[in-house]
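In what follows, chains are A, B, ... by sequence order, proteins preceding strands, each numbered from 1. These numbers come from the heavy atoms of this one structure, side chains and all, not from hydrogens, waters or symmetry mates.
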4 protein chains.
Amino acid sequence: MDRHERHQQILRHARDVFARQGFHASNIDDIVESAGIARGTFYLYFDDKRSVFEALVDRFMGRLRATITRVDPSHPTLPVEQQIKGNVQRVIALIFEDRATTKLLLNDAMGIDPAFDAKLARFYDDLATLLEESLRDGQFLGIVASGDTRLFAYFAMGALREIVFQVLIRGVEVPPASGGDETAGLVDSIFEFLRGGFLRLPHFVPHLNTRRNDDDTRVTETVGPDSVTGTALLTRANTSSSTAAARRSTHPESTANLAKG
Amino acid sequence: MDRHERHQQILRHARDVFARQGFHASNIDDIVESAGIARGTFYLYFDDKRSVFEALVDRFMGRLRATITRVDPSHPTLPVEQQIKGNVQRVIALIFEDRATTKLLLNDAMGIDPAFDAKLARFYDDLATLLEESLRDGQFLGIVASGDTRLFAYFAMGALREIVFQVLIRGVEVPPASGGDETAGLVDSIFEFLRGGFLRLPHFVPHLNTRRNDDDTRVTETVGPDSVTGTALLTRANTSSSTAAARRSTHPESTANLAKG
Amino acid sequence: MDRHERHQQILRHARDVFARQGFHASNIDDIVESAGIARGTFYLYFDDKRSVFEALVDRFMGRLRATITRVDPSHPTLPVEQQIKGNVQRVIALIFEDRATTKLLLNDAMGIDPAFDAKLARFYDDLATLLEESLRDGQFLGIVASGDTRLFAYFAMGALREIVFQVLIRGVEVPPASGGDETAGLVDSIFEFLRGGFLRLPHFVPHLNTRRNDDDTRVTETVGPDSVTGTALLTRANTSSSTAAARRSTHPESTANLAKG
Amino acid sequence: MDRHERHQQILRHARDVFARQGFHASNIDDIVESAGIARGTFYLYFDDKRSVFEALVDRFMGRLRATITRVDPSHPTLPVEQQIKGNVQRVIALIFEDRATTKLLLNDAMGIDPAFDAKLARFYDDLATLLEESLRDGQFLGIVASGDTRLFAYFAMGALREIVFQVLIRGVEVPPASGGDETAGLVDSIFEFLRGGFLRLPHFVPHLNTRRNDDDTRVTETVGPDSVTGTALLTRANTSSSTAAARRSTHPESTANLAKG
DNA sequence: AATGAATGAGCCTTCATTCAT
DNA sequence: CATGAATGAAGGCTCATTCAT
């Protein structure tokens, strides 16, 4: 086994060990035992425990950066929306392809080390800045709502981060899109949310208005003030178990499992 | 100093030490040195390092749960929107009031322990379920867009989580709302984002249209297909430094500092 | 509660705690909690943990010494044998009366401290010397076999120590003597053993012969050379469980429980 | 140094440290310092302090069990008595060969741990059961007195235990047998004691009678009742020092040193 | 290159003892 | 006298890292 292969082998096993037990609960023994190598061999390839972790996350962050391609509005065949959607799709695909490392990035990466925290912050900043710049462009084109684009970037990243966390780490399931693969439903949902949030893609504006922004007449028809009978955006938690709460809900079809019922 | 005071004192110092160094990088010595007590004294009040941390986070989670009050649509004076906004405001206020513990919850809470991970998951599940149920009610009333409410809940929580993280941990600043206090701007931004996402509050629809959705004429003017001159929603990262990227940006006013320029 | 009462109370609880958990596994907390006093109060009555233990064992050793009364061969009413038996009886009675402290003496007293080990050694030496001197006298009178009396003393003390240990600590039961109380059977057994070993009390010799030394005829009948078919005094341990071994024994009535079956 | 050697080295040093200071007064540092190894090295070979101790005692108990061989009454050359004596000799030899571990077994083994106490109890139970079964066989053959064999077993074990303790731990010396090695005298003494106690070996019966059980006539000659002038089996302890007691004794040749005077 | 035994700093935790109230 | 909070020395154990083979 040549040097590169051995390097990859250790990375692979370290990743799995970290993903299973968490960075802090894993020790060098776990890794070398998993990889079937001697303790000392590990140190021939990595300086220390931290650096394996860093290599894993670095590689993954690089892939994430690389997968986000420039949107070209003058593209001959692909409309802007498709390009944007493509970015989201590729990011999601990458994440699903390497669930273990995604877990590390989301669960373990922070708190390793001040230096590593800084690197992580830089990564997220870069992503946020990228997104922010794009949103500025979008505002210029009229396809992004006016407002603070940095905030929009954080909102978008936060929403994406959370749903990825829930699906990958917590095991929440999303209903697959019609005719789509495993992640298509997720991509669609995110995209719809982002579109509803601050995207104003021109050919969707009427559609949006039709579906979501009712005119006065129709609003009056469906949600006139006298029809408001009592509801809550947020209700106080009054059960110790969320599943129990869901069960007692007046909407029994609501479960943590989001697969289309 | 009586038992309760000493307990609080240790909690306070432990919180600050954890917030400064992270849970894993902190040791009992750091805590007792900060509190100015003997090593053994710590163990008179807490079983171990983990349990202080747990006490801190438990207390904070309890406060968060308690601060979210039931929305009453038939309230004589407060409109539904104000009640919802009130919930967001109080959560934000609580978070800003105890930045250190918020930091712990966001940065350190995961990976402590399988048992603690489970508790954390339960907490977030409860919140998500609460939100989900409210969104169901909202859908019934016509003030929440149709769609998977569980996903909506995750999106909202993720967005909130991220902005709180950026503001509190990363030091990002948000412009204060006109005439509002420190957090008012943040609350408004979140609320606007959520409203744009899936809220359909009837009396805000025209307002929304006015502020965010340009009228037909202007839309046609700015984003007609032939006016698209070339831009990107997302562009490939091509610098290692976000500040360098920001500097090269065509939108020089864009910085990590979101304070109104 | 006056000083003496409090002193006794602490001793009593310390004794019980030590007996239950052993000296090394017991801590001051266990004792003060059991006694229902404050930590500091303990130190008003005893210098340290060791000294409570020492007080307990000292008191007990003193009682043991005091209970052994001088045998007077010219006693008007009590024959020598009865006086000897009386000593054994009183020792056994004392031991049974304070099982907890006996446990301490047998199980925990050694290894506390070099100084305490020395004291313990002195105590046992004193007893051995007492016994040795008596045996010398007995040899002079012809009621003790010739031989090294110091060895005899150790043998006697060891046998006594072991049976007391088995009965009190391990819970072995001995069959009560006919018409005797709880400990009479034990006293008789010990006494018979010692008598068979090296005591030569004249008026018991025929009795001994009758009960224990078969006459030639009967010996020939039971153990003539041609009747020896093969057996063992000591057999190699070949089972992991003594109870299993006992069960497989050709003498099924043999159990650890010595109560008359 | 290979793994096994290092293991043995640690065991050896741990044994010596424990024997010198006692289990509870010894700490890991004492052991590793004695062995000249690092703290961590110790934990490569043993789980904890307790487990080294356990390894020592386990090994020793195993040896003791293994050294006791089956007695074969139909043996062509060795008479039963010699076989029994052989067992005693080998046990004594083993004990003298590893004085340090014997010390541990007798002084430190109890009170380590409830689990270890149980193991110890099982060991002694096994020995007692072995002995008991042999005694039963002996009774059948007519070479063991009638009576409770379990009690006999405890008496024998207790006597052996005590003399071993006195000789090995307390430094008492026994006179060597004529023409025998260091332990021969001890073996003979024990054997004689046991024989006088409950063994009834056929070819020794007359011998016993001759030496130890005087007939009436001879008894009358030597210890007639009127010649009893006053003595004690047990006299009250009246000195704090055994040596002082011995000095004041009417039998000045009596000392703790049992070497033939 | 590979090994794995050895290292020892570091950390958590216990608990006998003190002392101000 | 009684209290019990506070103390801090002591000790067990871990584990990332080194290095001779």
In whole angstroms, the gap separating P of F:dA5 from CG of C:Asp29 amounts to 11 Å

Please examine the side chains of D:Asn107 and C:Asp117, heavy atoms only from C-beta on, and report whether any two atoms are closer than 4.5 Å. no

Side chain proximity check, D:Phe165 to C:Arg161, heavy atoms < 4.5 angstrom
no

Between D:Phe42 and B:Gly40, whichever has its closest DNA chain F nucleotide further toward 5' is B:Gly40

When rounded to whole Å, the NE2 to P distance for the pair D:His7 and E:dG4 reads 19 Å

note: D:Ile31, atom CD1; F:dG11, atom P; distance rounded to Å ~ 12 Å

B:Ile10 CD1 to F:dA5 C1', in whole Å, measures 11 Å

Against the side chain of C:Asn27, the closest entry in F:dG12, E:dC11, E:dC15 is E:dC15

- prompt: Heavy atoms under 4.0 Å, any strand shown: does B:Phe46 hit a base, just sugar-phosphate, or nothing?
  reply: nothing

Between CD of C:Gln9 and P of F:dC1 the distance, given in whole Å, is 14 Å

Contacts of D:Asp47 and C:Gly36 projected onto DNA chain F by closest heavy atom; the upstream (5') one is C:Gly36

Item checked: Sugar-phosphate, base or nothing in reach of A:Leu44, heavy atoms under 4.0 Å -> base

(message) So C:Asp98 and C:Arg63, do their side chains get closer than 4.5 Å, heavy atoms only?
(response) yes

**Study point:** Pair A:Arg6, A:Gln9: side-chain N/O donor-acceptor within cut-off below 3.5 Å
**Key:** yes

Here the distance between atom P of E:dC11 and atom NE2 of A:His24, to the nearest Å, is 14 Å

E:dT7 OP1/OP2 closer than 4.0 Å to side-chain N/O of D:Thr41
yes

Before accepting this row, confirm whether a basic side-chain N of the pair B:Asp58/B:Lys119 lies closer than 4.0 Å to the acidic partner's carboxylate O. yes

Nearest-nucleotide check on DNA chain E, A:Arg6 vs B:Tyr43; residue mapping nearer the 5' end is A:Arg6

A correct dot-bracket answer for DNA chain F, with pairs being Watson-Crick or G-U at under 3.5 Å, [ ] for crossing pairs and | for inter-strand pairs, is .||||||||||||||||||||

Of E:dA16, E:dT3, F:dA5, the nucleotide closest to the side chain of B:Arg3 is F:dA5

* To do: Answer yes or no: is there an ion pair linking D:Asp30 with D:Arg20, defined by an N-O contact shorter than 4.0 Å?
  => no

C:Arg39 atom CZ is separated from F:dA6 atom P, nearest whole Å, by 12 Å

Open item on the list: In the structure I gave you, are the side-chain heavy atoms of B:Phe60 and B:Thr102 within less than 4.5 Å of one another anywhere?
Closed with: yes

* Are the side chain of C:Thr41 and the backbone N or O of C:Ile37 linked by a donor-acceptor pair below 3.5 Å? -> no

- Item | Side-chain heavy atoms of B:Glu33 within contact of B:Asp29, under 4.5 Å | no

Exercise. Going by heavy atoms in the side chains, are D:Ile31 and D:Ser34 under 4.5 Å from each other?
Worked result: no

Here the distance between atom P of E:dA1 and atom CD of A:Glu5, to the nearest Å, is 15 Å

Numerically ordered, the residues 48-58 of chain A set in heavy-atom contact under 4.0 Å with DNA chain F is A:Asp48, A:Lys49

**Request:** Would you classify B:Tyr45 as touching base, sugar-phosphate or nothing, given that sugar-phosphate means primed atoms plus P, OP1 and OP2, and contacts are heavy atoms under 4.0 Å?
**Result:** sugar-phosphate

